[in-house]
Amino acid sequence: MRMSQMLLQTLRETPAEAEIPSHQLLLRAGYIRRIGSGLYAYLPLMWRVLNKISQIIREEMNATGAQECLLPQLQPSELWQESGRWETYTKAEGIMFSVIDRQERQLGLGPTHEEVITAIARDSIRSYRQLPQNLYQIQTKFRDEIRPRFGLMRGREFIMKDAYSFNADAESLKETYSLMAQTYETILRRCGLSFTAVEADSGAIGGSASQEYMVLAETGEDEVLYTEDGKYAANLEKAVSIPPDADPSPFSQYEKRDTPNTPTIATLCKFLGCSPTTVVKNVLYEATYDNGKLVLVLVSIRGDQDVNDVKLTNVLSEMASHYGENALLGLNVPDEQAQKKWAAQALPLGYLAPDLGDDYIQSRKDVEPKFLRLADETVLNLKNFITGSNETGCHVVGANWGDQFTLPDQVVDVREAQARDRAVHDPSQHLKMARGIEVGHIFQLGTKYSQAMGATYTNEQGENVPLHMGCYGIGVSRLAQATVEQCYDDDGIAWPVAIAPYQVIITVPNITDPQQAKIAENLYQDLLNVGMEVLLDDRDERAGVKFKDADLIGIPYRLVTGRSLKEGNVEVVTRADQSSQDIPLEEVVTTLQQWLANK
RNA sequence: CGGGAUGUAGCGCAGUUUGGUAGCGCGCCUGCUUUGGGAGCAGGAUGUCGUAGGUUCAAAUCCUGCCAUCCCGACCA
């Protein structure tokens with residue numbers, strides 16, 4: 001491509017809207033342009049990068065026997081009602097855009113395609129002889145993100161590769177799942193990224209095993225806990241650990257103490273001179289279920305620990321049926337405003353005890369009349385603990401389960417793992433924390449969707465049984481930006497060769513010099529002839545501008561037809577390290593071919 | 001949805017306190033000079049000052065509503 005003919009505008013100044021380096025650079029280098037909040041145009045350079053990534057994905061997916069297809073983005077609400085996700089996706093998490101057509105039909109704009117693909121499988125997979133199957137597509141997804149940010153990292157419209165496998169049983173699913181895990185590593189390695197695979201929570205999508213592929217970067221939105229031996233890595237939401245041991249309680253007698261102005265664990269411990277590990281903290285949540293019922297949840301957890309909302313959400317989702325509900329819509333810590341809706345009297349916040357009376361709850365149809373009391377495992381073995389008294393300004397000390405307080409029936413693990421906790425697989429090791437960008441996520445869905453939607457097949461015994469499903473996603477546009485986040489310097493982007501928009505840029509320092517122009521032109525044709533992707537900077541600009549632009553847009557190799565021509569050489573500069581060498585004109589093409597082949 | 005901020009030329013910003021007919025840098029166009037790391041000089045074009053209403057002789061500036069965008073949080077396969 002001749003740069004004189006290309007629509008490319010590089011910016012000298014950083015647009016104010018961009019916060020992180022990759023977003024700033026993609027804007028400055030003319031790869032993307034913001035059209036609305038979370039909506040971006042992929043300009044010609046960006047589209048080439050995205051296509052390169054897509055191509056690598058295609059090659060690797062096809063190599064596993066997966067088949068590419070393209071599913072509709074507009075999806076009938078009925079499909080989502082069958083799976084039971086219409087409510088959660090349009091109301092609680094509100095992540096799906098929904099539209100109503102002129103026949104008053106409700107449609108969703110696809111944030112993911114489990115429903116569609118399961119409907120297809122239901123119709124076309126009849127026999128075990130057809131299994132396993134793995135279908136994938138690469139296309140735009142829509143999600144009504146509450147707060148889009150960081151350019152392509154969290155957009156409302158983005159490109160994704162999603163694959164769905166159908167297997168006869170759990171074992172076969174595991175095989176496909178681990179094949180996909182290998183394939184993902186190959187894809188990301190080919191893209192030139194350094195990444196980590198971590199255990200993850202499967203969230204609203206459901207299912208059992210799940211792994212995320214994280215590009216480690218300081219600006220990542222996810223937190224990853226890992227051990228240095230490389231044997232354990234997990235998303236913070238999912239991570240497990242051994243909490244620090246509790247200190248012995250300084251109290252041996254049960255009594256109520258005045259503890260004025262100690263609504264937080266920190267102030268309380270300072271006042272009493274005790275360790276937070278001797279305190280039972282009681283956290284109040286309100287859970288909303290899909291029929292509109294509100295359940296108040298009181299979680300007792302050790303004072304030095306925090307509740308992991310994702311783990312708590314999972315516990316509460318499983319309990320939906322206890323309340324005659326299908327799904328948990330939302331979970332939050334009620335503020336004063338929210339409390340007024342159901343509290344019969346003002347709550348002694350900061351001084352709650354595990355036995356907070358149910359009479360604090362107004363008798364209302366849409367509110368469960370009793371607290372759902374949960375104990376985190378960390379409070380199970382505490383002796384002579386300190387906790388609230390349900391009276392502002394007072395705590396009790398020296399309390400014990402079975403004496404002053406009844407241990408809740410439900411003992412659960414809802415504790416958030418922390419950096420420096422001991423590792424479960426090897427308690428001599430401590431967890432470390434890093435930030436990451438989630439570029440891929442694979443799930444073993446099991447029969448959640450096939451069962452809900454009646455996607456069954458006939459097995460060898462002639463029985464109709466539900467298909468076992470897996471799903472496997474890669475954020476293509478996010479991956480592109482994550483790469484920039486990992487590959488840039490003060491001068492701009494430095495793309496890995498495999499996904500760079502062009503492999504080579506020929507810079508003509510002085511376009512008015514006929515010799516320079518002629519040699520550059522010949523070189524351009526020669527490189528094109530051997531199938532290379534080449535930019536020819538034939539713009540009537542000063543050399544400095546061309547060098548700056550070449551660095552900014554990050555083409556891996558730059559050929560300069562300048563002063564080295566006197567010796568019959570072309571200067572070849574490697575973008576990644578700015579190293580430069582003069583190569584005889586007639587050897588340039590073959591040398592570059594070799595370099596690219598070795599990449 | 002809660003907290004904070006911003007909206008003036010393609011981009012970055014000043015001007016708003018104290019109302020008086022819209023400015024700077026970069027970019028863009030023309031000419032001359034320059035030509036290996038975002039050139040110099042001279043000339044030029046570009047704005048419903050986010051939007052609607054109000055106050056006023058007069059509004060980018062003051063008042064009210066609305067909209068949009070960004071940041072923090074909540075939220076987020």
K.L.:
Do any N or O atoms of the protein come closer than 3.5 Å to N or O atoms of nucleotides 2-11 of chain B, and which pairs are they?
P.N.:
unit_1, atom_1, unit_2, atom_2, d
B:C11, O2, A:Glu13, OE1, 3.4

K.L.:
Using atom CZ of A:Phe150 as one end and atom P of B:C72 as the other, report the distance to the nearest whole Å.
P.N.:
6 Å
K.L.:
Among A:Trp47, A:Tyr40, A:Trp495, A:Tyr42, find the one that has a ring pair (Phe, Tyr, Trp, His ring centres under 6.0 Å) with A:Tyr31.
P.N.:
A:Trp495
K.L.:
How long is the line joining CD of A:Glu438 and C1' of B:C75, in whole Å?
P.N.:
15 Å
K.L.:
Using heavy-atom distances to pick each residue's nearest nucleotide on RNA chain B, tell me which of A:Glu17 and A:Glu221 is more 5'.
P.N.:
A:Glu17
K.L.:
Would you say A:Arg12 places a side-chain N or O within less than 4.0 Å of OP1 or OP2 belonging to B:G38?
P.N.:
no
K.L.:
Only one of A:Gln515, A:Glu521, A:Gln516, A:Lys518 forms a side chain to side chain contact (heavy atoms under 4.5 Å, CB included) with A:Thr561, so which one is it?
P.N.:
A:Gln516
K.L.:
With a 3.5 Å distance limit and no angle check, can you tell me whether A:Asp538 reaches the backbone of A:Ser4 through a side-chain donor-acceptor pair?
P.N.:
yes
K.L.:
One pair to check against side chain to side chain contact (heavy atoms under 4.5 Å, CB included): A:Phe142 and A:Thr112. What are the steps and the verdict?
P.N.:
CA-CA 8 Å; A:Phe142 299 89; A:Thr112 176; over 6 Å; no
K.L.:
With a 4.0 Å cutoff (strictly under), does any side-chain N or O of A:Arg149 reach OP1 or OP2 of B:C75?
P.N.:
no
K.L.:
Students often get this wrong, so: under 4.0 angstrom with heavy atoms, is A:Asp491 touching a base, only sugar-phosphate, or nothing?
P.N.:
nothing
K.L.:
Please give, in whole Å, the distance from B:G38 P to A:Asp490 CG?
P.N.:
15 Å
K.L.:
Among the candidates B:G73, B:G36, B:G37, find the nucleotide nearest to the side-chain atoms of A:Asp551.
P.N.:
B:G37
K.L.:
Determine: side-chain N/O of A:Arg542 to OP1/OP2 of B:A39, distance under 4.0 Å, yes or no.
P.N.:
yes
K.L.:
With the side chain of A:Arg34 defined as its heavy atoms from C-beta on, choose the nearest nucleotide among B:C70, B:A74, B:G38.
P.N.:
B:C70
K.L.:
Roughly how many Å apart are B:G20 and B:C26, using the P atom of each and rounding to a whole number?
P.N.:
27 Å
K.L.:
Strictly by Watson-Crick or wobble contacts shorter than 3.5 Å, is anything paired with B:C11, and which nucleotide is it?
P.N.:
B:G25
K.L.:
For the pair made of CG in A:Leu7 and P in B:G27, what is the distance, rounded to whole Å?
P.N.:
18 Å
K.L.:
Roughly how many Å apart are B:C41 and B:A52, using the C1' atom of each and rounding to a whole number?
P.N.:
47 Å
K.L.:
With a 4.0 Å cut-off on heavy atoms, is A:Val560 in touch with a base, just the backbone sugar-phosphate, or nothing at all?
P.N.:
base
K.L.:
Between B:A74 atom P and A:Asp306 atom CG, what is the distance in whole Å?
P.N.:
12 Å
K.L.:
Counting side-chain heavy atoms from C-beta on, which of B:A74, B:G37, B:C71 comes nearest to A:Glu19?
P.N.:
B:C71
K.L.:
Write down the distance between CZ (A:Arg154) and C1' (B:G73), rounded to a whole number of angstrom.
P.N.:
14 Å
K.L.:
Paired with B:U48 by Watson-Crick or G-U wobble geometry, both distances under 3.5 Å: which nucleotide is it?
P.N.:
none
K.L.:
Would you say A:Arg143's side chain and A:Pro111's backbone share a donor-acceptor pair under 3.5 angstrom?
P.N.:
yes
K.L.:
With both distances kept under 3.5 Å, what pairs with B:A68, Watson-Crick or G-U wobble?
P.N.:
B:U6
K.L.:
What nucleotide, of B:G36, B:U69, B:G38, holds the atom closest to the side chain of A:Ser37?
P.N.:
B:U69
K.L.:
What's the gap between B:G7 and B:G12 when it is taken at their C1' atoms, as a whole Å value?
P.N.:
14 Å
K.L.:
Between B:G36 and A:Asn510, counting only base atoms on the nucleotide and side-chain atoms on the residue, is there a donor-acceptor pair under 3.5 Å?
P.N.:
no
K.L.:
What is the base-pairing partner of B:C76, counting Watson-Crick and G-U wobble geometry with both distances under 3.5 Å?
P.N.:
none
K.L.:
Parallel, tilted or perpendicular: which describes the rings of A:Trp80 and A:Tyr89, with under 30° parallel and over 60° perpendicular?
P.N.:
tilted
K.L.:
Tell me which nucleotide among B:G38, B:C28, B:G37 gets nearest to the side chain of A:Arg558.
P.N.:
B:G37
K.L.:
Mapping A:Pro509 and A:Glu237 onto RNA chain B by nearest heavy atom, which one lands closer to the 5' end?
P.N.:
A:Pro509
K.L.:
Looking only at side-chain N and O atoms, does A:Arg147 come under 4.0 Å of OP1 or OP2 in B:C71?
P.N.:
yes
K.L.:
Considering Watson-Crick and G-U wobble pairs with both distances under 3.5 Å, what does B:G37 pair with?
P.N.:
none
K.L.:
How long is the line joining CE of A:Met214 and C1' of B:C76, in whole Å?
P.N.:
13 Å
K.L.:
Under a 4.0 Å threshold between the charged nitrogen and the carboxylate oxygen, would A:Arg558 count as salt-bridged to A:Asp551?
P.N.:
yes
K.L.:
Indicate yes or no for a side-chain donor-acceptor contact from A:Glu485 to the backbone of A:Ala217 under 3.5 Å, with no hydrogens or angles considered.
P.N.:
no
K.L.:
Taking atom P of B:G36 as reference, at what distance in whole Å does atom CG of A:Asp582 sit?
P.N.:
16 Å
K.L.:
Scan every strand shown for a Watson-Crick or G-U wobble partner of B:A59, both distances under 3.5 Å, and answer none if you come up empty.
P.N.:
none
K.L.:
Contact class for A:Glu212 vs. all strands (heavy atom < 4.0 Å): base, sugar-phosphate, or nothing?
P.N.:
nothing
K.L.:
Would you mind classifying the nucleic acid contact of A:Ile511 as base, sugar-phosphate or nothing, using non-hydrogen atoms under 4.0 angstrom?
P.N.:
nothing
K.L.:
Strictly below 4.0 Å, N to O, side chains only: are A:Glu221 and A:Arg478 in salt-bridge contact?
P.N.:
no
K.L.:
Test side-chain hydrogen bond (donor to acceptor under 3.5 Å, both in side chains) on A:Gln137 and A:His113 and set out the steps.
P.N.:
CA-CA 10 Å; A:Gln137 59 169 348; A:His113 282 78; 3.2 Å; yes
